[in-house]
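To start, the structure itself, in structure tokens.
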Number of protein chains: 2
Amino acid sequence: MAINKKSEFLSDEIYLSDFARTLGHPARIAILKTLAERHECICGEIVEVLPLAQSTVSQHLKELKNMGLIQGTLNGPKSCYCINWEKLEEYMDSFNKLTTELLTKKPTALCCK
Amino acid sequence: MAINKKSEFLSDEIYLSDFARTLGHPARIAILKTLAERHECICGEIVEVLPLAQSTVSQHLKELKNMGLIQGTLNGPKSCYCINWEKLEEYMDSFNKLTTELLTKKPTALCCK
DNA sequence: AATATATATCGCAAATATACGATTAAAAAC
DNA sequence: GTTTTTAATCGTATATTTGCGATATATATT
């Protein structure tokens with residue numbers, strides 16, 4: 001690859017693709033579902049639910065946190081995670097805007113005959 | 001990584017994460033936007049729009065095609081691409097179901113104090 | 001027939017992502 | 001004060017993704 005060409009795209013496209021890439025692993029979707037269900041979890045609870053080692057789960061949590069989709073606060077030796085709804089909804093809105101934009105351009109006739 | 005743990009997740013989570021991963025690169029989002037805008041494009045038109053080499057664009061097109069999101073038909077030496085709306089809407093619906101499912105579980109009180 | 005055009009594929013290099021065990025750090029329990 | 005518990009980080013191995021040039025293939029054009 002040598003050079004990362006990502007920066008040459010529109011910032012909107014980068015923003016959306018970063019969100020999509022973050023959801024691009026089943027573990028991270030499962031984590032969001034678990035957190036939504038339970039409202040908050042300590043790391044260990046999430047590890048129990050996933051078929052992955054603790055260190056791997058910790059990495060996925062870090063990635064979700066870096067994207068702002070979840071937040072974790074220390075609670076003694078434990079670390080309590082929950083969804084950052086504001087941020088999640090912001091990303092969802094952007095995604096919905098894209099899908100709406102695409103759908104409004106859906107042609108009536110068939111293409112590429 | 002040694003072993004791919006993806007298969008140990010729920011098929012629904014795998015399905016969604018595959019879709020998300022496919023949108024996880026700005027080039028593929030840009031391709032979908034271009035195809036929606038123009039209804040159909042030959043490969044060369046897409047190459048013109050993107051800041052990537054022809055062979056790289058061809059790879060991204062292949063990935064979108066493998067996921068069923070676009071279809072390409074040969075037209076002489078040219079290859080005409082368009083969006084597979086049925087499939088795209090199917091993925092979007094699944095994604096919307098996830099977001100709805102998450103949002104219905106949004107708590108009223110703050111978590112992780 | 002020879003040449004030009006268009007695009008898919010191959011082969012390779014580099015970057016990124018995934019996964020785990022081992023270690024570290026910090027608080028809790030004893 | 002020592003031990004245990006919890007989770008983050010480090011180091012490392014492997015897999016996957018991204019990107020390009022070169023090549024192959026197939027159709028148009030001349």
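Naming: A, B, ... by sequence-line order, numbering from 1 per chain. Since we're looking at a predicted model, the values are computed, not measured.
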*asked:* In whole Å, I'd like the distance from the NZ atom of Lys62(A) to the C1' atom of dA19(C).
replied: 15 Å

_Whether the side chain of Gln59(A) and the base of dA17(C) hold a donor-acceptor pair under 3.5 Å is what I'd like checked._
no

*Are Tyr81(B) and dA8(C) close enough that a side-chain N or O sits under 4.0 Å from OP1 or OP2?*
yes

_Distance-only donor-acceptor test (3.5 Å): side chain Gln54(A), base dA8(D)_ = yes

*State whether Arg21(B) places a side-chain N or O below 4.0 Å from either non-bridging phosphate oxygen (OP1 or OP2) of dT17(D).*
yes

*Mark yes when over 12 heavy atoms from residues, nucleotides or ligands other than Lys78(B) sit less than 6.0 Å from its NZ; otherwise mark no.*
no

*Do any side-chain nitrogens or oxygens of Thr56(A) fall under 4.0 Å of OP1 or OP2 in dC20(C)?*
yes

_Candidate nucleotides dT18(D), dA8(D), dT6(D), ranked by approach to the side chain of His60(B) - the nearest_ = dT18(D)

_Upstream residue (5' side of DNA chain C) when Gly44(B) and Ala27(A) are each assigned their closest nucleotide_ = Gly44(B)

_Between P of dT7(C) and CG of Leu50(B), the distance in whole Å_ = 13 Å

*Round to a whole Å and report the spacing from NZ of Lys6(B) to P of dA19(C).*
10 Å

*DNA chain C: Ser55(A) or Gly76(A), which has the more 5' nearest nucleotide?*
Ser55(A)

*Roughly, in whole Å, what's the span from CZ in Arg28(A) to C1' in dT16(C)?*
12 Å

_Please determine whether a side-chain nitrogen of the Lys or Arg among Lys97(A) and Glu101(A) lies less than 4.0 Å from a carboxylate oxygen of the Asp or Glu._
no

*Rounding to a whole Å, what distance do you find between Ile42(B):CD1 and dT27(D):P?*
16 Å

*Do the ring planes of His25(B) and His60(B) sit parallel (below 30°), tilted (30 to 60°) or perpendicular (above 60°)?*
tilted

_Pro77(A) side chain, from C-beta outward: closest of dA19(C), dT5(C), dA28(C)_ = dA28(C)

*Hey, does Leu52(B) reach any base, or is it just sugar-phosphate, or nothing, if we go heavy atoms under 4.0 Å?*
sugar-phosphate

*Closest to side chain of Asn4(A), choosing from dT16(C), dA8(C), dA19(C)*: dT16(C)

_NZ (Lys62(B)) with more than 12 external heavy atoms under 6.0 Å_ = no

_Please confirm whether the shortest side-chain N or O distance from His25(B) to OP1 or OP2 of dG19(D) is below 4.0 Å._
yes

*Measure from CD on Glu8(A) to C1' on dG19(D) and round the result to the nearest Å.*
12 Å

*Contact class for Ser79(A) vs. all strands (heavy atom < 4.0 Å): base, sugar-phosphate, or nothing?*
sugar-phosphate

*With distance as the sole test, does Asn84(B) use its side chain to make a donor-acceptor pair with the main-chain N or O of Gly68(B) at under 3.5 Å?*
yes

_Lys5(A) side-chain N/O to dC20(D) phosphate OP1/OP2 under 4.0 Å_ = yes

*What orientation do Phe95(A) and Phe19(B) show, parallel under 30°, tilted 30 to 60°, or perpendicular over 60°?*
perpendicular

*Round to the nearest Å and state the distance from Asn75(B) atom CG to dT5(C) atom P.*
18 Å

_Whole angstrom value for the distance that separates P of dT7(C) from CD1 of Ile31(B)_ = 13 Å

